[in-house]
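Report on the following structure.
Model, not experiment: these values are computed from the prediction. All values below were derived from every heavy atom in this structure, side-chain atoms included, with hydrogens, water molecules and symmetry-related copies excluded. Along the sequence shown, residues are numbered consecutively beginning with 1.
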Amino acid sequence: WSPLVVTRAPQPVPALRVETPAEAQAGHPLMVTLRSEAPLPEGTFRVVRVEFVTPDGLTYDLYARNIRLELTAQQERFDLAYNDPLGRWQLNAYDLITGQVVQTAFTLRAS
């Protein structure tokens, strides 16, 4: 089973956007920007579940987290390890308030 989440807001909740640099270096921080296309309705916030997928297509739980987003834009820091698999990574962001899923990708290079 899965829980049912009901959202009530006085106006539509703006869409979520997620941005990463095109490339990142192993062993260095990756800055991910979470952005609402417009300000959230007064008194609301969104929770975004961020998950990473390795170049092999495996979910990488080490970096997964829930992020509380109250502002129009917010940056989150993910400290990447030197021994993370190199190649094209995918980042999936699940907006729990709307059910929207946003995807972006970056290439992890050796430092």
Side-chain angles (χ1 to χ4, degrees):
W1 70 274
S2 62
L4 174 64
V5 177
V6 179
T7 303
R8 183 175 180 199
Q11 63 194 55
V13 177
L16 174 69
R17 292 180 42 211
V18 178
E19 302 164 0
T20 60
E23 293 188 354
Q25 288 187 324
H28 291 80
L30 172 72
M31 297 305 291
V32 175
T33 302
L34 304 165
R35 183 182 316 275
S36 293
E37 289 186 349
L40 292 170
E42 184 178 338
T44 63
F45 62 90
R46 64 181 0 140
V47 175
V48 179
R49 174 74 178 173
V50 175
E51 295 180 353
F52 288 77
V53 179
T54 67
D56 296 333
L58 303 172
T59 302
Y60 203 67
D61 292 332
L62 182 63
Y63 298 138
R65 68 174 79 149
N66 293 332
I67 300 168
R68 181 178 169 145
L69 182 62
E70 295 182 36
L71 306 172
T72 303
Q74 179 174 319
Q75 280 198 323
E76 284 291 316
R77 176 183 170 140
F78 294 85
D79 293 315
L80 304 177
Y82 284 103
N83 62 344
D84 282 338
L86 303 179
R88 192 81 171 152
W89 285 65
Q90 181 175 312
L91 185 145
N92 299 324
Y94 302 91
D95 182 7
L96 302 183
I97 196 170
T98 64
Q100 177 188 9
V101 180
V102 181
Q103 297 177 326
T104 188
F106 63 95
T107 302
L108 186 61
R109 306 262 185 229
S111 46

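- For the pair N66 and R49, the tightest heavy-atom approach, listed with the atom from each and the gap, is OD1-CD, 2.8 Å.
- Between N92 and Q103, the side chains place a donor N or O and an acceptor N or O closer than 3.5 Å (distance only, hydrogens not considered).
- Among residue pairs with one or both ends in residues 71-85, those qualifying as salt bridge (Lys or Arg N to Asp or Glu O under 4.0 Å) are R65-E76, R77-D79; sequence neighbours excluded.
- The stretch residues 98-107 participates, sequence neighbours left out, in no salt bridge (Lys or Arg N to Asp or Glu O under 4.0 Å) pair at all.
- What you find for P14 and A38 is that their closest heavy atoms are CG-O, 3.1 Å.
- Closest of all the heavy-atom pairs between R46 and D95 is NH2-OD2, 2.7 Å.
- Pairs of residues two or more places apart, or lying in two chains, that qualify as salt bridge (Lys or Arg N to Asp or Glu O under 4.0 Å) and include a residue from residues 26-35 are E19-R35.
- With rounding to the nearest 0.5 angstrom, the OG1 atom of T107 is 4.0 Å from the CZ atom of R88.
- Summarising the hydrophobic clusters (Ile, Leu, Val, Met, Phe, Trp, Tyr; side-chain heavy atoms under 4.5 Å, direct or chained), the residues clustered with V18 are L16, L30, V32, L34, V48, V50, F52, Y60, L62, Y63, I67, L69, F78, L80, L86, W89, L91, V102, F106, L108.
- Once rounded to the nearest 0.5 Å, the distance linking OG1 of T20 with CD of Q90 reads 10.5 Å.
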Could you tabulate the donor-acceptor pairs under 3.5 Å formed by side-chain atoms of residues 22-29, not counting sequence neighbours?
{"residue": "E23", "atom": "OE2", "partner": "R109", "partner atom": "NE", "Å": "3.3"}
{"residue": "E23", "atom": "OE2", "partner": "R109", "partner atom": "NH2", "Å": "3.2"}
{"residue": "H28", "atom": "ND1", "partner": "A26", "partner atom": "O", "Å": "3.3"}

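- Partners of A15 according to the side-chain contact (heavy atoms from CB on, under 4.5 Å) rule, which considers only residues two or more places apart in sequence or in another chain, are E37, Q100.
- Put simply, CD on E70 and OG on S36 are 11.0 Å apart, with the number rounded to the nearest 0.5 Å.
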